[in-house]
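A short worksheet on the structure shown next.
Position 1 is the first residue of the sequence; numbering continues from there. Values below: every heavy atom of this structure, side chains too, minus hydrogens, waters and symmetry copies.
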Amino acid sequence: MRAFKTKHNQRRTLIGAICTAMIGTFLTHAIFVSAVEDDRLREVATPNATYPKGVWHSGHDGRVTVTFDVNKRGKVQNVCITHSTYPGIFDLYALKAVKDYQYENLSRPRELVEGLSTTVNFTLDSNPRDYVSPKYPHSALEFGFQGYVVVRFAVKRNGAVRNLSTAAAVPSEVFEDAALGAAGQFNFDSNRFLKRETIHHKFVFSLDSEPNNLVIPEYPDQAKEDGIQGHAIVNFDITSEGTVDREFVVYSSNSLFDQPALDAVSQFTFDPNKPAKNIHHKVEFVLNRNHRALTKAVPKYPREAVLNRTEGHVIVKFDIDERGSVDNLSVLEAEPPDVFNEAALAATAQFTYLPKYVDGKPVRVQGERNRLRFTLGSQNQAARQQAEEVQQQRQARRPQSRRGRSAARRSAGEDRRPEHMRSIKLDPIYQLQLIGDHDDGSVIVQFDVNGSGYVEGPKILEVIDTSLPDEITERILDEVSFFWYAPWIENNQPKTVYGVKHRIELTFVDD
(Lines give C-alpha, C1' and ligand atoms only; values in the text may rest on other atoms or scores of the structure.)
Protein backbone atom coordinates (compact mmCIF):
# COMPACT_ATOMS: atom_id res chain seq x y z
CA MET A 1 0.00 0.00 0.00
CA ARG A 2 1.03 3.52 -0.48
CA ALA A 3 -0.19 6.85 0.87
CA PHE A 4 -0.44 9.42 -1.89
CA LYS A 5 -0.69 12.70 -0.04
CA THR A 6 0.65 16.23 -0.13
CA LYS A 7 0.58 19.00 2.46
CA HIS A 8 -2.97 19.82 1.35
CA ASN A 9 -4.37 16.59 2.77
CA GLN A 10 -2.45 16.39 6.04
CA ARG A 11 -5.72 16.34 7.97
CA ARG A 12 -6.66 12.91 6.70
CA THR A 13 -6.51 10.13 9.21
CA LEU A 14 -4.07 7.27 8.80
CA ILE A 15 -6.89 4.85 8.00
CA GLY A 16 -8.10 7.12 5.23
CA ALA A 17 -4.59 7.38 3.85
CA ILE A 18 -4.18 3.61 3.77
CA CYS A 19 -7.50 3.16 1.96
CA THR A 20 -6.42 5.74 -0.61
CA ALA A 21 -3.11 3.92 -0.98
CA MET A 22 -4.84 0.74 -2.13
CA ILE A 23 -5.90 2.50 -5.33
CA GLY A 24 -2.28 2.89 -6.43
CA THR A 25 -0.81 -0.55 -6.02
CA PHE A 26 1.46 -0.05 -9.02
CA LEU A 27 3.68 2.97 -9.59
CA THR A 28 6.20 3.67 -12.25
CA HIS A 29 9.60 3.93 -10.67
CA ALA A 30 9.11 3.46 -6.94
CA ILE A 31 6.13 2.38 -4.90
CA PHE A 32 5.89 3.24 -1.23
CA VAL A 33 4.44 0.32 0.70
CA SER A 34 3.60 1.64 4.13
CA ALA A 35 3.76 -0.56 7.17
CA VAL A 36 3.17 2.35 9.51
CA GLU A 37 -0.14 1.66 11.19
CA ASP A 38 0.69 3.22 14.51
CA ASP A 39 -2.13 5.46 15.75
CA ARG A 40 0.47 7.79 17.24
CA LEU A 41 1.48 8.91 13.74
CA ARG A 42 -0.12 10.53 10.72
CA GLU A 43 1.73 10.41 7.40
CA VAL A 44 2.42 13.84 5.96
CA ALA A 45 4.81 13.15 3.07
CA THR A 46 6.24 9.92 1.63
CA PRO A 47 8.33 11.04 -1.38
CA ASN A 48 9.15 8.57 -4.12
CA ALA A 49 12.52 6.92 -4.39
CA THR A 50 14.41 7.47 -7.64
CA TYR A 51 15.11 4.50 -9.91
CA PRO A 52 18.93 4.55 -10.31
CA LYS A 53 19.99 5.52 -13.82
CA GLY A 54 22.98 3.21 -13.76
CA VAL A 55 20.78 0.10 -13.87
CA TRP A 56 18.16 1.24 -16.39
CA HIS A 57 19.60 -1.30 -18.85
CA SER A 58 18.72 -4.24 -16.59
CA GLY A 59 15.29 -2.88 -15.67
CA HIS A 60 14.95 -5.11 -12.61
CA ASP A 61 11.92 -4.86 -10.36
CA GLY A 62 13.25 -4.71 -6.82
CA ARG A 63 12.29 -4.14 -3.19
CA VAL A 64 14.16 -2.72 -0.23
CA THR A 65 12.96 -3.10 3.36
CA VAL A 66 13.93 -0.37 5.79
CA THR A 67 13.36 0.13 9.53
CA PHE A 68 13.32 3.53 11.20
CA ASP A 69 12.14 5.60 14.14
CA VAL A 70 10.09 8.82 14.18
CA ASN A 71 11.03 11.48 16.73
CA LYS A 72 8.73 13.84 18.65
CA ARG A 73 8.78 16.37 15.80
CA GLY A 74 7.75 13.76 13.21
CA LYS A 75 11.20 13.48 11.64
CA VAL A 76 12.61 10.12 10.56
CA GLN A 77 15.80 8.96 12.21
CA ASN A 78 17.89 5.81 12.78
CA VAL A 79 17.17 4.48 9.28
CA CYS A 80 18.52 0.95 8.72
CA ILE A 81 18.36 -1.31 5.64
CA THR A 82 17.33 -4.86 6.55
CA HIS A 83 16.70 -6.57 3.20
CA SER A 84 17.06 -6.03 -0.54
CA THR A 85 16.07 -8.22 -3.48
CA TYR A 86 19.02 -6.92 -5.52
CA PRO A 87 21.61 -6.03 -2.87
CA GLY A 88 23.51 -2.85 -3.63
CA ILE A 89 21.36 -1.70 -6.54
CA PHE A 90 18.42 0.14 -4.96
CA ASP A 91 19.59 0.36 -1.35
CA LEU A 92 20.93 3.93 -1.23
CA TYR A 93 17.95 5.25 -3.19
CA ALA A 94 15.47 3.67 -0.80
CA LEU A 95 17.48 4.95 2.17
CA LYS A 96 17.52 8.54 0.88
CA ALA A 97 13.78 8.48 0.21
CA VAL A 98 12.82 7.14 3.65
CA LYS A 99 15.01 9.75 5.35
CA ASP A 100 12.77 12.40 3.76
CA TYR A 101 9.48 10.91 5.00
CA GLN A 102 7.52 13.23 7.30
CA TYR A 103 4.92 12.45 9.94
CA GLU A 104 2.78 14.27 12.43
CA ASN A 105 3.42 12.86 15.88
CA LEU A 106 0.00 12.52 17.57
CA SER A 107 1.23 11.06 20.86
CA ARG A 108 0.42 13.11 23.97
CA PRO A 109 2.81 13.75 25.52
CA ARG A 110 4.88 13.34 22.38
CA GLU A 111 7.25 10.40 22.42
CA LEU A 112 9.77 8.68 20.20
CA VAL A 113 8.06 6.03 18.02
CA GLU A 114 10.48 3.18 17.41
CA GLY A 115 10.72 0.07 15.25
CA LEU A 116 8.71 1.16 12.20
CA SER A 117 9.19 -0.64 8.90
CA THR A 118 8.48 0.10 5.25
CA THR A 119 9.20 -1.49 1.87
CA VAL A 120 10.12 0.60 -1.16
CA ASN A 121 9.46 -1.09 -4.52
CA PHE A 122 11.24 -0.18 -7.76
CA THR A 123 10.01 -0.84 -11.29
CA LEU A 124 10.24 0.70 -14.76
CA ASP A 125 6.78 -0.53 -15.76
CA SER A 126 4.32 2.32 -15.31
CA ASN A 127 1.39 -0.10 -15.77
CA PRO A 128 -0.93 2.29 -17.65
CA ARG A 129 -4.63 1.62 -17.81
CA ASP A 130 -4.46 1.94 -21.60
CA TYR A 131 -1.20 0.55 -22.99
CA VAL A 132 0.01 1.18 -26.55
CA SER A 133 2.84 -0.87 -28.07
CA PRO A 134 5.50 1.14 -29.90
CA LYS A 135 5.96 0.59 -33.63
CA TYR A 136 9.31 -0.97 -34.46
CA PRO A 137 11.16 1.53 -36.69
CA HIS A 138 11.67 0.32 -40.25
CA SER A 139 15.37 1.26 -40.21
CA ALA A 140 15.88 -0.85 -37.08
CA LEU A 141 14.16 -3.79 -38.75
CA GLU A 142 16.35 -3.39 -41.81
CA PHE A 143 19.62 -3.42 -39.85
CA GLY A 144 18.46 -5.75 -37.07
CA PHE A 145 18.90 -3.18 -34.28
CA GLN A 146 17.74 -3.97 -30.74
CA GLY A 147 17.73 -1.75 -27.66
CA TYR A 148 15.61 0.11 -25.14
CA VAL A 149 14.24 3.55 -24.33
CA VAL A 150 13.29 4.98 -20.92
CA VAL A 151 10.77 7.82 -21.15
CA ARG A 152 9.72 10.20 -18.39
CA PHE A 153 6.46 12.07 -18.03
CA ALA A 154 3.80 13.34 -15.68
CA VAL A 155 0.07 12.53 -15.62
CA LYS A 156 -2.74 15.07 -16.02
CA ARG A 157 -5.86 15.05 -13.87
CA ASN A 158 -7.70 13.30 -16.69
CA GLY A 159 -5.10 10.51 -16.80
CA ALA A 160 -3.37 11.65 -19.99
CA VAL A 161 0.39 12.03 -20.31
CA ARG A 162 2.14 15.41 -20.22
CA ASN A 163 5.73 16.74 -20.26
CA LEU A 164 6.91 13.65 -22.16
CA SER A 165 10.64 13.31 -22.87
CA THR A 166 13.41 10.73 -23.26
CA ALA A 167 15.45 9.83 -20.19
CA ALA A 168 17.71 7.17 -21.77
CA ALA A 169 18.06 5.42 -25.13
CA VAL A 170 20.35 2.59 -26.27
CA PRO A 171 21.32 2.87 -29.08
CA SER A 172 20.64 6.57 -29.47
CA GLU A 173 18.60 8.07 -32.32
CA VAL A 174 16.95 4.79 -33.27
CA PHE A 175 13.94 4.04 -31.07
CA GLU A 176 13.19 7.38 -29.35
CA ASP A 177 10.40 8.56 -31.67
CA ALA A 178 8.62 5.19 -31.49
CA ALA A 179 8.80 5.15 -27.69
CA LEU A 180 7.59 8.73 -27.31
CA GLY A 181 4.74 8.12 -29.74
CA ALA A 182 3.53 5.09 -27.80
CA ALA A 183 3.90 6.65 -24.34
CA GLY A 184 2.04 9.75 -25.48
CA GLN A 185 -1.05 7.56 -25.94
CA PHE A 186 -0.91 6.00 -22.46
CA ASN A 187 -3.77 6.66 -20.09
CA PHE A 188 -3.78 6.24 -16.32
CA ASP A 189 -6.03 6.39 -13.29
CA SER A 190 -5.17 9.97 -12.38
CA ASN A 191 -5.46 9.45 -8.61
CA ARG A 192 -2.47 7.08 -8.66
CA PHE A 193 0.09 9.87 -8.83
CA LEU A 194 1.06 13.08 -7.14
CA LYS A 195 0.57 16.34 -9.03
CA ARG A 196 4.26 16.97 -9.76
CA GLU A 197 5.38 13.37 -9.82
CA THR A 198 7.78 12.22 -12.55
CA ILE A 199 7.02 8.75 -13.90
CA HIS A 200 9.38 6.53 -15.90
CA HIS A 201 8.58 3.72 -18.32
CA LYS A 202 10.99 1.42 -20.16
CA PHE A 203 10.28 0.15 -23.68
CA VAL A 204 12.34 -2.84 -24.83
CA PHE A 205 12.86 -3.34 -28.56
CA SER A 206 13.83 -6.97 -29.18
CA LEU A 207 14.03 -9.18 -32.25
CA ASP A 208 14.46 -12.40 -30.27
CA SER A 209 11.17 -13.81 -28.98
CA GLU A 210 13.06 -16.57 -27.08
CA PRO A 211 10.78 -19.50 -28.02
CA ASN A 212 10.94 -22.79 -26.17
CA ASN A 213 11.89 -24.64 -29.34
CA LEU A 214 14.37 -23.77 -32.07
CA VAL A 215 12.91 -24.26 -35.55
CA ILE A 216 15.44 -23.91 -38.38
CA PRO A 217 13.88 -22.51 -41.57
CA GLU A 218 14.36 -24.15 -44.93
CA TYR A 219 16.79 -22.13 -47.02
CA PRO A 220 15.07 -21.31 -50.35
CA ASP A 221 16.74 -23.20 -53.20
CA GLN A 222 16.72 -20.17 -55.49
CA ALA A 223 18.35 -17.98 -52.83
CA LYS A 224 20.98 -20.66 -52.15
CA GLU A 225 21.77 -21.06 -55.85
CA ASP A 226 22.13 -17.29 -56.28
CA GLY A 227 24.13 -16.88 -53.05
CA ILE A 228 21.51 -14.56 -51.54
CA GLN A 229 21.70 -13.99 -47.77
CA GLY A 230 19.65 -11.82 -45.45
CA HIS A 231 16.89 -11.95 -42.87
CA ALA A 232 13.15 -11.71 -42.39
CA ILE A 233 11.33 -10.35 -39.35
CA VAL A 234 8.00 -11.85 -38.35
CA ASN A 235 5.42 -10.17 -36.14
CA PHE A 236 2.96 -12.34 -34.19
CA ASP A 237 0.91 -12.83 -31.02
CA ILE A 238 1.39 -15.49 -28.35
CA THR A 239 -1.87 -17.19 -27.34
CA SER A 240 -2.92 -18.45 -23.92
CA GLU A 241 -2.00 -21.94 -25.17
CA GLY A 242 1.57 -20.83 -25.85
CA THR A 243 1.19 -21.04 -29.64
CA VAL A 244 1.77 -18.46 -32.38
CA ASP A 245 -1.16 -16.56 -33.88
CA ARG A 246 -1.65 -13.88 -36.55
CA GLU A 247 1.92 -14.11 -37.83
CA PHE A 248 2.99 -11.92 -40.74
CA VAL A 249 6.26 -10.63 -42.21
CA VAL A 250 6.96 -6.99 -41.33
CA TYR A 251 10.32 -6.86 -43.09
CA SER A 252 12.45 -9.07 -45.32
CA SER A 253 15.62 -8.32 -47.21
CA ASN A 254 14.33 -10.57 -50.02
CA SER A 255 10.82 -11.86 -50.66
CA LEU A 256 12.25 -15.37 -51.10
CA PHE A 257 12.66 -15.52 -47.31
CA ASP A 258 9.05 -14.62 -46.43
CA GLN A 259 7.38 -18.02 -46.49
CA PRO A 260 10.25 -20.03 -44.93
CA ALA A 261 10.36 -17.49 -42.07
CA LEU A 262 6.60 -17.73 -41.52
CA ASP A 263 6.73 -21.54 -41.61
CA ALA A 264 9.48 -21.62 -38.97
CA VAL A 265 7.94 -19.05 -36.60
CA SER A 266 4.48 -20.65 -36.80
CA GLN A 267 5.96 -23.73 -35.10
CA PHE A 268 7.35 -21.80 -32.12
CA THR A 269 5.95 -22.57 -28.67
CA PHE A 270 5.99 -20.40 -25.55
CA ASP A 271 4.97 -20.39 -21.90
CA PRO A 272 1.13 -20.53 -21.95
CA ASN A 273 1.06 -18.40 -18.81
CA LYS A 274 2.60 -15.46 -20.68
CA PRO A 275 0.40 -14.51 -23.64
CA ALA A 276 1.57 -11.41 -25.51
CA LYS A 277 0.86 -9.30 -28.56
CA ASN A 278 2.98 -7.58 -31.19
CA ILE A 279 6.08 -9.78 -30.77
CA HIS A 280 8.95 -9.58 -33.25
CA HIS A 281 11.40 -12.32 -34.21
CA LYS A 282 14.33 -12.14 -36.61
CA VAL A 283 14.90 -15.20 -38.80
CA GLU A 284 18.37 -15.27 -40.33
CA PHE A 285 19.29 -16.76 -43.70
CA VAL A 286 23.07 -17.15 -43.80
CA LEU A 287 24.98 -19.55 -46.03
CA ASN A 288 28.36 -19.83 -44.28
CA ARG A 289 29.68 -17.97 -41.27
CA ASN A 290 32.00 -18.76 -38.40
CA HIS A 291 30.79 -18.19 -34.85
CA ARG A 292 31.70 -14.90 -33.15
CA ALA A 293 31.40 -13.74 -29.55
CA LEU A 294 28.74 -11.08 -28.88
CA THR A 295 28.86 -10.68 -25.09
CA LYS A 296 31.09 -12.08 -22.36
CA ALA A 297 30.05 -11.69 -18.75
CA VAL A 298 32.57 -10.64 -16.12
CA PRO A 299 32.74 -13.27 -13.34
CA LYS A 300 31.97 -12.29 -9.77
CA TYR A 301 34.93 -12.56 -7.47
CA PRO A 302 34.15 -15.17 -4.78
CA ARG A 303 33.74 -13.58 -1.35
CA GLU A 304 36.07 -16.00 0.42
CA ALA A 305 38.74 -15.50 -2.23
CA VAL A 306 38.58 -11.73 -1.72
CA LEU A 307 38.85 -12.02 2.05
CA ASN A 308 41.69 -14.55 1.76
CA ARG A 309 43.50 -12.43 -0.87
CA THR A 310 43.44 -15.36 -3.34
CA GLU A 311 44.10 -14.98 -7.08
CA GLY A 312 43.97 -17.54 -9.88
CA HIS A 313 42.41 -18.63 -13.16
CA VAL A 314 39.99 -21.16 -14.65
CA ILE A 315 39.87 -22.65 -18.16
CA VAL A 316 36.29 -23.55 -19.11
CA LYS A 317 35.29 -25.86 -21.96
CA PHE A 318 31.84 -25.48 -23.53
CA ASP A 319 29.70 -25.87 -26.63
CA ILE A 320 27.87 -23.16 -28.57
CA ASP A 321 24.45 -24.26 -29.77
CA GLU A 322 22.55 -23.29 -32.92
CA ARG A 323 21.08 -20.23 -31.17
CA GLY A 324 24.43 -18.89 -30.00
CA SER A 325 23.91 -19.93 -26.39
CA VAL A 326 26.43 -21.82 -24.27
CA ASP A 327 25.91 -25.32 -22.84
CA ASN A 328 27.81 -28.47 -21.80
CA LEU A 329 30.18 -26.49 -19.58
CA SER A 330 33.07 -28.11 -17.73
CA VAL A 331 36.27 -27.02 -16.02
CA LEU A 332 39.45 -28.11 -17.79
CA GLU A 333 41.92 -26.44 -15.46
CA ALA A 334 41.69 -24.41 -12.27
CA GLU A 335 44.41 -22.78 -10.19
CA PRO A 336 43.95 -22.99 -7.27
CA PRO A 337 41.50 -25.92 -7.46
CA ASP A 338 37.81 -25.46 -6.54
CA VAL A 339 38.08 -21.78 -5.59
CA PHE A 340 36.92 -19.98 -8.73
CA ASN A 341 35.16 -22.86 -10.54
CA GLU A 342 31.59 -21.87 -9.69
CA ALA A 343 32.12 -18.20 -10.54
CA ALA A 344 33.82 -19.07 -13.83
CA LEU A 345 31.06 -21.48 -14.90
CA ALA A 346 28.32 -19.00 -13.96
CA ALA A 347 29.93 -16.23 -16.02
CA THR A 348 30.60 -18.48 -19.02
CA ALA A 349 26.97 -19.64 -19.03
CA GLN A 350 26.00 -16.03 -19.81
CA PHE A 351 28.24 -15.74 -22.90
CA THR A 352 26.40 -15.18 -26.18
CA TYR A 353 27.62 -15.78 -29.73
CA LEU A 354 26.60 -15.33 -33.32
CA PRO A 355 25.99 -18.97 -34.25
CA LYS A 356 28.06 -20.75 -36.86
CA TYR A 357 26.36 -21.45 -40.22
CA VAL A 358 27.29 -24.16 -42.69
CA ASP A 359 25.48 -24.44 -46.03
CA GLY A 360 22.58 -22.32 -44.87
CA LYS A 361 21.99 -23.95 -41.48
CA PRO A 362 23.19 -23.06 -37.96
CA VAL A 363 25.39 -25.77 -36.47
CA ARG A 364 26.69 -26.61 -33.00
CA VAL A 365 30.27 -25.72 -32.13
CA GLN A 366 31.90 -28.15 -29.72
CA GLY A 367 34.92 -27.86 -27.48
CA GLU A 368 35.24 -24.06 -27.31
CA ARG A 369 37.62 -22.90 -24.55
CA ASN A 370 37.94 -19.73 -22.54
CA ARG A 371 40.36 -18.68 -19.78
CA LEU A 372 38.95 -16.52 -16.99
CA ARG A 373 41.46 -14.74 -14.76
CA PHE A 374 40.81 -13.68 -11.18
CA THR A 375 43.19 -10.96 -10.02
CA LEU A 376 42.85 -8.53 -7.15
CA GLY A 377 45.06 -5.89 -8.72
CA SER A 378 44.03 -3.50 -11.49
CA GLN A 379 45.82 -2.80 -14.75
CA ASN A 380 45.07 0.90 -14.41
CA GLN A 381 46.03 1.03 -10.74
CA ALA A 382 48.65 3.75 -11.28
CA ALA A 383 46.24 5.95 -13.22
CA ARG A 384 43.49 5.50 -10.64
CA GLN A 385 45.87 6.22 -7.76
CA GLN A 386 47.06 9.38 -9.50
CA ALA A 387 43.47 10.51 -10.01
CA GLU A 388 42.69 9.84 -6.35
CA GLU A 389 45.71 11.89 -5.27
CA VAL A 390 44.59 14.80 -7.44
CA GLN A 391 41.10 14.58 -5.95
CA GLN A 392 42.50 14.52 -2.43
CA GLN A 393 44.59 17.60 -3.16
CA ARG A 394 41.52 19.43 -4.43
CA GLN A 395 39.56 18.45 -1.36
CA ALA A 396 42.39 19.61 0.89
CA ARG A 397 42.32 23.07 -0.72
CA ARG A 398 38.53 23.30 -0.46
CA PRO A 399 36.98 24.62 2.80
CA GLN A 400 35.14 21.84 4.59
CA SER A 401 31.81 22.08 6.32
CA ARG A 402 31.42 20.71 9.81
CA ARG A 403 29.77 17.63 8.31
CA GLY A 404 32.66 17.19 5.85
CA ARG A 405 35.26 17.47 8.60
CA SER A 406 33.35 14.96 10.68
CA ALA A 407 33.17 12.55 7.75
CA ALA A 408 36.89 12.95 7.10
CA ARG A 409 37.65 12.09 10.71
CA ARG A 410 35.40 9.04 10.55
CA SER A 411 36.96 7.66 7.40
CA ALA A 412 40.60 8.58 8.05
CA GLY A 413 42.63 5.42 8.31
CA GLU A 414 39.52 3.24 8.39
CA ASP A 415 39.38 1.96 4.80
CA ARG A 416 40.10 -1.70 5.38
CA ARG A 417 40.74 -2.57 1.74
CA PRO A 418 44.41 -2.90 0.72
CA GLU A 419 45.46 -0.35 -1.89
CA HIS A 420 45.68 -2.90 -4.73
CA MET A 421 42.15 -4.18 -3.98
CA ARG A 422 40.25 -0.88 -4.02
CA SER A 423 38.40 -1.82 -7.23
CA ILE A 424 36.96 -5.11 -5.92
CA LYS A 425 33.17 -5.13 -5.62
CA LEU A 426 31.08 -7.45 -3.48
CA ASP A 427 27.30 -7.42 -3.31
CA PRO A 428 26.08 -6.41 0.16
CA ILE A 429 24.76 -9.30 2.24
CA TYR A 430 21.90 -9.43 4.72
CA GLN A 431 22.65 -12.94 5.95
CA LEU A 432 26.10 -14.23 6.81
CA GLN A 433 27.00 -17.78 7.77
CA LEU A 434 30.03 -18.11 10.05
CA ILE A 435 31.91 -20.97 11.66
CA GLY A 436 31.88 -21.07 15.44
CA ASP A 437 30.08 -22.12 18.57
CA HIS A 438 28.05 -18.95 19.14
CA ASP A 439 24.39 -18.02 19.39
CA ASP A 440 22.74 -16.83 16.18
CA GLY A 441 22.06 -13.12 16.18
CA SER A 442 22.61 -10.00 14.13
CA VAL A 443 24.74 -6.90 13.89
CA ILE A 444 24.04 -3.36 12.75
CA VAL A 445 26.96 -1.90 10.82
CA GLN A 446 27.44 1.73 9.83
CA PHE A 447 29.62 3.25 7.10
CA ASP A 448 29.77 5.89 4.39
CA VAL A 449 29.42 5.13 0.68
CA ASN A 450 31.53 7.35 -1.56
CA GLY A 451 30.71 8.65 -5.03
CA SER A 452 32.17 5.53 -6.62
CA GLY A 453 29.94 3.24 -4.57
CA TYR A 454 32.64 1.92 -2.23
CA VAL A 455 32.33 1.62 1.54
CA GLU A 456 34.43 3.83 3.80
CA GLY A 457 34.95 3.65 7.56
CA PRO A 458 32.85 0.57 8.44
CA LYS A 459 32.12 -0.09 12.10
CA ILE A 460 29.76 -2.22 14.15
CA LEU A 461 27.19 -0.15 16.02
CA GLU A 462 25.27 -2.88 17.79
CA VAL A 463 25.44 -6.63 18.40
CA ILE A 464 22.02 -8.24 18.95
CA ASP A 465 21.22 -11.59 20.65
CA THR A 466 24.79 -12.89 20.53
CA SER A 467 28.36 -12.12 21.58
CA LEU A 468 31.23 -11.89 19.11
CA PRO A 469 34.93 -12.52 19.66
CA ASP A 470 37.42 -10.18 18.00
CA GLU A 471 38.14 -12.55 15.10
CA ILE A 472 34.44 -12.71 14.15
CA THR A 473 34.14 -8.94 14.39
CA GLU A 474 37.16 -8.56 12.11
CA ARG A 475 35.68 -11.04 9.65
CA ILE A 476 32.43 -9.07 9.45
CA LEU A 477 34.20 -5.74 9.00
CA ASP A 478 36.46 -7.18 6.30
CA GLU A 479 33.39 -8.36 4.42
CA VAL A 480 31.60 -5.03 4.79
CA SER A 481 34.63 -3.09 3.58
CA PHE A 482 34.22 -4.67 0.12
CA PHE A 483 30.48 -3.94 -0.25
CA TRP A 484 29.64 -1.98 -3.38
CA TYR A 485 26.49 0.07 -4.03
CA ALA A 486 25.09 1.75 -7.11
CA PRO A 487 26.29 5.31 -6.35
CA TRP A 488 23.86 7.98 -5.28
CA ILE A 489 23.47 10.44 -8.19
CA GLU A 490 22.15 13.91 -7.51
CA ASN A 491 21.93 16.52 -10.30
CA ASN A 492 23.93 14.13 -12.50
CA GLN A 493 26.79 14.13 -9.98
CA PRO A 494 27.80 11.18 -7.75
CA LYS A 495 27.62 12.08 -4.06
CA THR A 496 28.83 10.50 -0.83
CA VAL A 497 26.08 9.07 1.36
CA TYR A 498 26.97 9.36 5.04
CA GLY A 499 25.89 7.17 7.93
CA VAL A 500 24.47 4.18 6.02
CA LYS A 501 23.11 1.59 8.48
CA HIS A 502 22.74 -2.02 7.45
CA ARG A 503 21.57 -5.05 9.43
CA ILE A 504 23.20 -8.46 8.90
CA GLU A 505 21.69 -11.65 10.30
CA LEU A 506 24.35 -14.04 11.63
CA THR A 507 24.11 -17.83 11.56
CA PHE A 508 26.82 -19.95 13.17
CA VAL A 509 27.65 -23.53 12.22
CA ASP A 510 30.14 -25.96 13.70
CA ASP A 511 33.34 -26.48 11.78
Side-chain angles (χ1 to χ4, degrees), residues 64-69 71 76-84 87-88 91-96 98-99 114-115 303-304 306-309 388 392 395 400-436 438-488 494-508:
V64 179
T65 302
V66 179
T67 61
F68 59 96
D69 303 333
N71 67 19
V76 168
Q77 61 186 42
N78 196 28
V79 182
C80 181
I81 306 169
T82 61
H83 182 263
S84 179
D91 305 31
L92 297 185
Y93 291 80
L95 189 72
K96 295 288 284 186
V98 174
K99 284 184 176 180
E114 298 179 289
R303 312 185 82 91
E304 290 298 328
V306 170
L307 298 174
N308 294 329
R309 317 294 194 253
E388 290 177 352
Q392 290 172 1
Q395 293 291 344
Q400 284 188 313
S401 64
R402 180 182 299 177
R403 185 178 189 182
R405 291 192 297 270
S406 175
R409 285 195 297 268
R410 286 200 305 273
S411 61
E414 293 185 16
D415 192 336
R416 306 175 65 87
R417 292 167 295 161
E419 182 64 30
H420 70 289
M421 298 170 66
R422 295 290 172 87
S423 62
I424 300 296
K425 303 176 181 179
L426 291 184
D427 294 335
I429 53 173
Y430 292 89
Q431 291 184 331
L432 177 61
Q433 188 174 82
L434 298 164
I435 296 175
H438 303 283
D439 294 332
D440 294 348
S442 60
V443 293
I444 294 178
V445 294
Q446 180 174 295
F447 45 85
D448 302 334
V449 178
N450 66 24
S452 298
Y454 295 108
V455 164
E456 295 180 345
K459 59 184 177 182
I460 293 179
L461 288 186
E462 185 177 358
V463 179
I464 303 168
D465 296 333
T466 188
S467 59
L468 303 178
D470 290 343
E471 61 268 22
I472 297 295
T473 299
E474 289 297 309
R475 169 68 167 79
I476 295 170
L477 288 176
D478 280 344
E479 182 109 16
V480 172
S481 68
F482 287 99
F483 285 0
W484 184 86
Y485 295 82
W488 170 254
K495 304 286 186 179
T496 296
V497 179
Y498 298 100
V500 177
K501 291 182 181 179
H502 177 127
R503 180 167 178 151
I504 304 174
E505 302 294 334
L506 306 176
T507 303
F508 290 91

Using a 4.5 Å cut-off on heavy atoms from C-beta on, say whether the side chain of [Y] contacts that of [X].
X: Cys80; Y: Gln446; answer: no
X: Thr466; Y: Asp440; answer: no
X: Leu506; Y: Val443; answer: yes
X: Tyr454; Y: Lys425; answer: yes

*Would you confirm whether Asp439, through its side chain, and Asp465, through its main-chain N or O, come within 3.5 Å as a donor-acceptor pair?*
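No.
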From [X] [atom1] over to [Y] [atom2], what is the distance, rounded to the nearest 0.5 angstrom?
X: Asp470; Y: Leu477; atom1: CG; atom2: CG; result: 10.5 Å
X: Thr67; Y: Glu114; atom1: OG1; atom2: CD; result: 11.0 Å
X: Tyr485; Y: Ser452; atom1: OH; atom2: OG; result: 15.0 Å
X: Ser481; Y: Ile424; atom1: OG; atom2: CD1; result: 11.0 Å
X: Ser442; Y: Glu505; atom1: OG; atom2: CD; result: 4.5 Å
X: Leu426; Y: Arg303; atom1: CG; atom2: CZ; result: 5.0 Å

How close do [X] and [Y] get, heavy atom to heavy atom, and via which atoms?
X: Val497; Y: Trp488; answer: CG2-CB, 3.5 Å
X: Gly436; Y: Phe508; answer: O-CB, 3.4 Å
X: Gly451; Y: Pro487; answer: O-CB, 3.3 Å
X: Pro458; Y: Val480; answer: CB-CG1, 3.8 Å
X: Tyr498; Y: Asp448; answer: CA-OD1, 3.3 Å
X: Ala486; Y: Leu92; answer: O-CD1, 3.6 Å

*Sequence neighbours excluded, which residues qualify as salt bridge (charged side-chain N to carboxylate O under 4.0 Å, His left out) partners of Asp69?*
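In terms of salt bridge (charged side-chain N to carboxylate O under 4.0 Å, His left out), with neighbours along the sequence ignored, Asp69 is linked to no residue.
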_Pairing residues for Arg475 by the salt bridge (charged side-chain N to carboxylate O under 4.0 Å, His left out) criterion, not counting sequence neighbours_ =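 Checked Arg475 against salt bridge (charged side-chain N to carboxylate O under 4.0 Å, His left out); matches are Glu304, Glu479.
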*Kindly indicate, with the supporting measurements, whether the criterion side chain to side chain contact (heavy atoms under 4.5 Å, CB included) is fulfilled by Ile476 and Leu468.*
CA-CA 10 Å; Ile476 295 170; Leu468 303 178; 3.9 Å; yes
_Worked check of side chain to side chain contact (heavy atoms under 4.5 Å, CB included) between Leu307 and Phe482_ = CA-CA 9 Å; Leu307 298 174; Phe482 287 99; 4.2 Å; yes
_Residues, nucleotides or ligands: over 12 heavy atoms within 6.0 Å of His83 NE2_ =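 Atom NE2 in His83 is not crowded, with 12 or fewer foreign heavy atoms closer than 6.0 Å.
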*Should we say atom CD of Glu471 is surrounded by more than 12 heavy atoms from elsewhere, each under 6.0 Å from it?*
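Correct, the count exceeds 12.
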*Residue among Ile504, Thr82, Thr65, Ile81 satisfying side chain to side chain contact (heavy atoms under 4.5 Å, CB included) with Tyr430*: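 With Tyr430 as partner, Ile504, Thr82, Thr65, Ile81 yield a single side chain to side chain contact (heavy atoms under 4.5 Å, CB included), made by Ile81.
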*asked:* Could you walk me through whether Asp427 and Phe483 satisfy the side chain to side chain contact (heavy atoms under 4.5 Å, CB included) test, starting with their C-alpha distance in whole Å, then the side-chain angles of each, then the deciding distance to 0.1 Å, before giving a yes or no?
replied: CA-CA 6 Å; Asp427 294 335; Phe483 285 0; over 6 Å; no
*Using 30° and 60° as the class limits, which term best fits the ring planes of His502 and Phe447: parallel, tilted or perpendicular?*
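Ring orientation, 0 to 90° scale: tilted.
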*Do Leu434 and Thr507 pass the side chain to side chain contact (heavy atoms under 4.5 Å, CB included) test, and can you show the C-alpha distance, the side-chain angles, and the key distance before you say yes or no?*
CA-CA 6 Å; Leu434 298 164; Thr507 303; over 6 Å; no
*Report yes or no: do Asn450 and Thr496 form a side-chain donor-acceptor pair below 3.5 Å?*
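Asn450 vs Thr496: no donor-acceptor pair found between side chains.
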